[in-house]
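When a ligand or atom number is given, it counts from 1 through the structure's own listing order. Residues: numbered from 1 along the sequence shown.
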Amino acid sequence: MPATKIVVNIPGETPYDVRIGASVLDELGASLRKLPKVAEAPQLLMITDSNVAPLYLEAAKASCKDAGFRVSDIVVPAGEDSKSVEVAGEIWAAAADLGLTRDCAVVALGGGVVGDLAGFIASTYMRGIPFVQVPTTLLAMVDSSVGGKTGVNLPAGKNLVGTFKQPAFVCASTAVLATLDAREWACGCAEIAKSAVIDSDDFFFWLSSHTRQLMARGGSTVTEAIARSVVFKAGVVAQDKTESCGVRECLNYGHTLGHAVEALAGYGTFSHGAAVAEGMRFAARLGREVVGTSEELVTAQDELLDALGLPALAWSAPAEDMLAAMKRDKKTRAGEVRFVLPRDVGDWELVAVPDDVILEQLRAWEASK
Ligand code: GLY
């Protein structure tokens, strides 16, 4: 099957391609040779992690070397802890030791942690050099590799330091998804479901009628799910590149409660996707009270999430603790907790919901467990 190509066209940025398909990793070097800002790079710095390196680093490097590139690599420990200022400092120093110059490029080979970290390196080293995303998780393919958010965590919170820098190219190999476990797969499915609810009837009904194929990882369905998610996200980012005019926030659907679940249950207890799915269920029910969300949406979304291996969590925390956790989130402004609430599929609103309304819904949520 030939690769699918989506062009991401964001005002003020150089348009870039997202190539999706089974053989795109083998063709990585050839693709980079066609990129104006990367083709003549004297050196590529591939940044990956200790989980991905044994699986795909050699193949990615071989493809680039076959295309005539000189390639160096840095392997960071797998896990969120690598998204730190300390690790970034080590990579800046290593890049300088390797003689990386302004005309070189960074290649991020990995999931969201590697993509955010490598993007941050590329946007800061020598005041910015080109970078390419080679996402290796479904979650990174449908969300973090597109749209240009980069960053590292601080002890005070996740992603507190970062930049916006669009990649020059995204290489989404469906072949590498074979090694993802069920938890990671569901994580990506949660973001696809989020995109479908916010996007349109067309995406939502397509996804609802392809859940079996997506869970079976059928090649053409996986490619289409990624492509639809990328088209949706690119459209959102094109309207609000820096999340400053109230549009890009729609990508946070499900994340308000989801982040509180992750923080209170302890990071890693539930996958990010499971927490987001729980947040979508909660937001739809809150929406019923606040923006008149239809019962049909609540039910259809529950069924979609169930079918994607994202059941309602058998976990809760006291309503007051959940509200306090939401208020600590960096997306809270002036103490107001804001939710993306779907009125219907493809029709959403960003609403600052009063505390008493949130607490009432949280109590109902707690009682349902
Ligand atoms: N992952 C949300 C965003 O890129 O804005």
Side-chain angles (χ1 to χ4, degrees), residues 6 8-13 16 18 80 83 108 110-120 122-123 131 133 135-153 157-167 170 172 184 186-199 203 225-263 267 271-280 283 326 329-333 338-342 348-350:
I6 312 286
V8 180
N9 202 340
I10 298 169
E13 301 284 344
Y16 56 94
V18 179
E80 191 76 27
K83 244 178 87 170
V113 166
V114 165
D116 285 5
L117 174 68
F120 183 65
S123 70
F131 93 112
Q133 288 270 20
T136 57
T137 64
L138 184 59
L139 177 62
M141 289 181 198
V142 299
D143 189 16
S144 57
S145 66
V146 173
K149 279 190 179 174
T150 85
V152 292
N153 303 327
K158 286 190 174 191
N159 296 320
L160 289 188
V161 177
T163 61
F164 288 100
K165 181 179 174 70
Q166 302 299 327
V170 181
E184 262 301 326
C187 241
C189 289
E191 297 289 346
I192 295 169
K194 171 203 82 177
S195 303
V197 173
I198 296 298
D199 184 35
F203 192 174
I226 297 169
R228 283 178 180 261
S229 302
V230 168
V231 168
F232 161 70
K233 181 158 185 185
V236 170
V237 176
Q239 293 173 66
D240 185 8
K241 185 171 64 173
T242 55
E243 201 169 303
S244 53
C245 67
V247 175
R248 190 165 177 161
E249 270 103 337
C250 73
L251 301 175
N252 298 328
Y253 178 47
H255 288 60
T256 310
L257 181 108
H259 285 163
V261 167
E262 285 184 284
Y267 286 102
S271 71
H272 178 65
V276 167
E278 186 73 6
M280 291 167 60
M326 288 174 190
D329 197 272
K330 74 173 192 306
K331 297 201 186 293
T332 299
R333 292 194 192 160
R338 300 182 316 153
F339 284 86
V340 175
L341 298 177
W348 59 275
E349 200 179 320
L350 182 63

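Contact of the Tyr253 side chain with the Leu341 side chain is not registered, since no non-hydrogen atoms from C-beta on lie closer than 4.5 Å. For the pair Glu184/Leu138, no side-chain contact is recorded, criterion being any heavy-atom separation below 4.5 Å from C-beta on.
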_Assess the residue pair Ser229 and Phe203 against the criterion (side-chain contact (heavy atoms from CB on, under 4.5 Å)); give the C-alpha distance rounded to whole Å, side-chain angles, the decisive distance to 0.1 Å, and a yes or no._
CA-CA 9 Å; Ser229 302; Phe203 192 174; 3.6 Å; yes
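Taking the salt bridge (Lys or Arg N to Asp or Glu O under 4.0 Å) definition, one finds that Glu262 meets it with nothing, sequence neighbours left out. By the salt bridge (Lys or Arg N to Asp or Glu O under 4.0 Å) test, Lys165 pairs with no residue at all, sequence neighbours left out.
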Determine all donor-acceptor pairs shorter than 3.5 Å in which one atom belongs to a side chain in residues 139-151; sequence neighbours excluded.
residue: Asp143; atom: OD1; partner: Lys233; partner atom: NZ; Å: 2.6
residue: Ser145; atom: OG; partner: Ala140; partner atom: O; Å: 2.8
residue: Lys149; atom: NZ; partner: Glu243; partner atom: OE1; Å: 2.6
residue: Thr150; atom: OG1; partner: Thr163; partner atom: N; Å: 3.3
residue: Thr150; atom: OG1; partner: Thr163; partner atom: O; Å: 3.4
residue: Thr150; atom: OG1; partner: Thr163; partner atom: OG1; Å: 2.5

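For ligand 1, the 4.0 Å heavy-atom shell takes in Asp143, Lys149, Lys233, Glu243, Arg248, Leu251, ordered by chain and residue number.
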